[in-house]
Number of protein chains: 2
Amino acid sequence: MGVTIHDVAERAGVNSSTVSRVINGKASITPDTKERVYAAMRELDYHPNSLARSLASGLSGVIGVVVDARDAEAFSNVFFSRSLFAIEKVAQSEGYQVIIANGAQSRGMTVENLMKEHKVDGLILPPTTVKPSMMETIGDFPYVVLGTPDTLRGDTCWVDNNNEQGAEIAVKHLQQKGYTRIAYIGGYQKRGFTKRRVRGYLNAVNGPETVLATDGTTDDALRAALEVLREQDRPDAFVCNDNLAAFGLLKACRELNISVPGQVGIVTFDNYPLAEYMDPPLTIVDIDTAMLGEQAARLLFQRIENRSGSQQIMLSTSLIIRASTDRN
Amino acid sequence: MGVTIHDVAERAGVNSSTVSRVINGKASITPDTKERVYAAMRELDYHPNSLARSLASGLSGVIGVVVDARDAEAFSNVFFSRSLFAIEKVAQSEGYQVIIANGAQSRGMTVENLMKEHKVDGLILPPTTVKPSMMETIGDFPYVVLGTPDTLRGDTCWVDNNNEQGAEIAVKHLQQKGYTRIAYIGGYQKRGFTKRRVRGYLNAVNGPETVLATDGTTDDALRAALEVLREQDRPDAFVCNDNLAAFGLLKACRELNISVPGQVGIVTFDNYPLAEYMDPPLTIVDIDTAMLGEQAARLLFQRIENRSGSQQIMLSTSLIIRASTDRN
DNA sequence: ATAAATCATGCAAGCGGTTGCACGATATCA
DNA sequence: TGATATCGTGCAACCGCTTGCATGATTTAT
């Protein structure tokens with residue numbers, strides 16, 4: 001069937017262990033021998049069996065990226081796919097493979113099996129998996145959380161963008177543009193990044209505080225926006241939790257014939273490719289999801305190599321200013 | 001370190017082969033023995049080492065999904081991530097893992113290594129990989145192409161939606177709505193699905209034939225649209241190759257103060273979540289990417305199990321009618 | 001009741017690599 | 001020049017599980 005290391009060894013007139021050493025470059029080998037081995041490998045079209053190699057070495061050469069069903073289905077998978085590709089890129093450069101696992105149905109089991117069945121050497125996890133019970137089964141297995149876990153622990157390794165700071169610069173930009181009644185719209189606000197964005201908003205705002213929770217859909221954002229925009233003292237600017245909220249808001253403005261940015265200014269989160277082509281083009285808090293993925297992967301490999309101390313990386317965000325806040 | 005099958009065997013007072021048989025359910029075992037083995041497994045928190053299992057059984061329990069760098073970076077990764085999750089779902093139900101591989105830099109090598117190093121038991125490939133040279137190295141290894149390969153061969157297995165038919169129903173719908181000068185906009189038109197969509201357009205159209213090629217970006221679609229819309233006998237309807245084209249077109253209409261659907265009707269491809277929230281909401285040719293992924297995965301597993309004859313699956317598309325074609 | 005078939009389980013040889021130890025051949029040093 | 005360190009390679013055990021063959025026990029057939 002397949003060509004094995006022994007076939008190569010025989011052809012090169014050496015022992016299989018020598019071939020192994022040539023492949024892995026872990027010992028000194030005579031140039032001559034090395035050449036013969038390479039020649040034999042080439043002639044036989046030899047490809048080492050990664051399964052055997054993994055078994056012997058104890059390393060699978062694979063890292064796992066766990067995803068939440070919620071994220072998977074949600075629109076935010078633009079976020080996900082960008083990070084994923086960045087992760088894959090780093091992994092590839094390290095000679096690793098990436099497997100994805102939908103933690104949906106049985107989150108605990110997924111992670112546990114991946115680890116304990118030696119399928120992966122490390123994991124990138126969504127913040128929602130970080131719970132005491134989970135942490136216990138993970139133990140000192142190398143992992144990095146992509147996002148900020150709600151329940152913080154000093155020894156948890158994570159990478160996230162600074163949502164709080166992002167909301168703050170959004171608000172400050174609006175204030176600077178002369179908007180005074182700034183509202184926040186979108187998202188389940190008790191959890192995760194939304195909570196932090198709202199906190200940033202509250203820190204920075206000094207006019208009236210208006211926080212409009214939605215169920216995360218565009219439709220619900222539309223409903224909420226219509227409601228608040230019909231009020232007497234309606235907001236003259238919004239920070240949107242994500243594109244879905246921004247879209248609902250934009251639609252509400254159209255329906256009510258409210259001009260953007262004239263009567264209402266808008267800043268939204270997420271670097272959504274089409275934000276630039278909206279009408280008007282949207283000012284955004286730029287989230288570099290690819291960078292997030294890259295950093296997470298790098299951190300993970302660092303931990304795989306030497307299970308060194310934990311680390312948290314917080315990427316600060318910046319504003320991309322477009323027409324939706326361009327008044328004066 | 002880890003608990004092995006021997007530990008379990010010892011604790012249950014049986015031979016490790018018996019434990020193996022209990023786990024794999026491949027032989028008759030006394031209920032009593034079985035119970036003892038299960039108990040031992042539970043007590044020791046035993047997880048079989050999947051690496052060892054794979055090595056012994058010759059099956060990795062993993063399938064690979066190869067992606068094009070182009071696709072990866074492009075906006076169309078919404079397409080990709082939906083398919084991917086559908087694939088993952090099917091794989092999970094079959095007890096398989098999914099690895100993703102970016103074929104970008106060295107497409108040939110990626111696929112070849114995945115196969116020959118026994119990393120995967122089957123592959124899902126993008127149509128661009130299907131070239132004679134590639135096919136030769138793949139041999140009878142189980143694979144399914146997600147999309148229609150440009151160079152067709154009878155024994156190639158693929159799953160795709162019917163792009164030609166999709167374009168036809170788009171054109172017919174526009175005709176029915178009374179549009180007569182229908183144009184096609186977007187995409188590199190010599191290759192892949194765009195070629196087929198254009199063909200469908202040409203089949204169905206009976207007024208003047210206008211096909212506007214773009215480099216695939218929104219900006220270039222905007223440019224092309226502006227140009228053609230300024231002409232004397234400008235089109236009164238467009239079939240768009242994708243959302244990026246649709247966006248550029250929409251922007252051009254706004255700039256020129258052309259009303260949609262009054263003066264220009266628009267149908268676009270891709271089921272892009274926000275198409276519904278555009279201004280106006282866009283009529284689309286619905287591409288069920290999740291279904292595409294699901295079918296591809298099912299077909300692949302079928303081929304992995306019995307390397308049976310090849311099969312092509314063509315999913316027909318349907319129209320979701322919204323305001324962008326709603327005149328009369 | 002005896003021969004034949006079936007069943008439950010053990011034994012041991014793989015699967016295809018990696019790696020610690022050993023050993024002869026060179027190279028280095030005093 | 002002899003003693004010692006270093007180098008290049010082979011031997012064989014091992015990674016943890018699967019599976020064909022063998023064997024004794026139990027059931028079925030005659």
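Keep in mind that what you see is a predicted model, and the values were worked out from it rather than measured.
Take the nearest nucleotide of DNA chain C for B:Ala56 and for B:Ala27: the residue whose nucleotide is more 5' is B:Ala27. Residue whose closest nucleotide on DNA chain C sits further toward the 5' end, between B:Ala52 and B:Val14: B:Val14. Nearest-nucleotide positions on DNA chain D place B:His47 closer to the 5' end than the other of B:Arg21 and B:His47.
One atom, CG of A:Asn49, and another, P of D:dC15, lie 18 Å apart when rounded to the nearest Å. In this structure, B:His6 atom NE2 and C:dA12 atom C1' are separated by 11 Å, rounded to whole Å. We find that NE2 of A:His118 is positioned 10 Å from C1' of D:dC15, with the value rounded to whole Å. Counting to the nearest Å, the P atom of C:dG10 and the CD atom of B:Glu10 are 13 Å from each other. Separating the NZ atom of A:Lys34 from the P atom of D:dC7 is a distance of 14 Å, rounded to the nearest angstrom. The distance between atom CD1 of A:Ile29 and atom C1' of C:dT19, rounded to the nearest whole Å, is 13 Å. The distance between atom CE of B:Met41 and atom P of D:dG16, rounded to the nearest whole Å, is 17 Å. Remark: P of C:dC15 and CZ of A:Arg53 are 19 Å apart, rounded to the nearest angstrom.
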* Please lay out, stage by stage, how B:Ile99 and B:Val65 fare under the test side-chain contact (heavy atoms from CB on, under 4.5 Å). => CA-CA 6 Å; B:Ile99 92 176; B:Val65 177; over 6 Å; no
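OP1 or OP2 of C:dT18 lies within a sub-4.0 Å distance of a side-chain N or O belonging to A:Asn24. For C:dG17, neither phosphate oxygen OP1 nor OP2 lies less than 4.0 angstrom from any side-chain nitrogen or oxygen of A:Ser20. At C:dC7, none of the side-chain N or O atoms of B:Ser28 fall inside 4.0 Å of OP1 or OP2 (strictly under the cut-off).
With distances taken from any side-chain atom of A:Thr18 to the nucleotides D:dT18, C:dA8, D:dT9, the minimum falls on D:dT9. Distance from the side chain of B:Thr30 is smallest for C:dT9 among the nucleotides D:dC17, C:dG16, C:dT9. With distances taken from any side-chain atom of A:Asn15 to the nucleotides D:dG10, D:dC17, C:dG17, the minimum falls on D:dG10. Looking at the side chain of A:Ile5, the nearest of the listed nucleotides D:dC17, D:dT9, C:dT18 is C:dT18.
Tested against B:Val120 for a side chain to side chain contact (heavy atoms under 4.5 Å, CB included), the candidates B:Val66, B:Leu114, B:Asn113 yield a single pass: B:Leu114.
Expressed to the nearest 0.5 Å, how far CE of B:Met134 lies from OH of B:Tyr143 amounts to 10.0 Å.
In this structure, B:Arg303 contributes its side chain and B:Pro142 its backbone to no donor-acceptor pair below 3.5 Å.
A donor-acceptor contact under 3.5 Å links the side chain of A:Ser17 to the base of D:dC11.
A:Thr30 and A:Asp32 are not linked by any side-chain donor-acceptor pair at a separation below 3.5 angstrom, with hydrogens and angles left out of the test.
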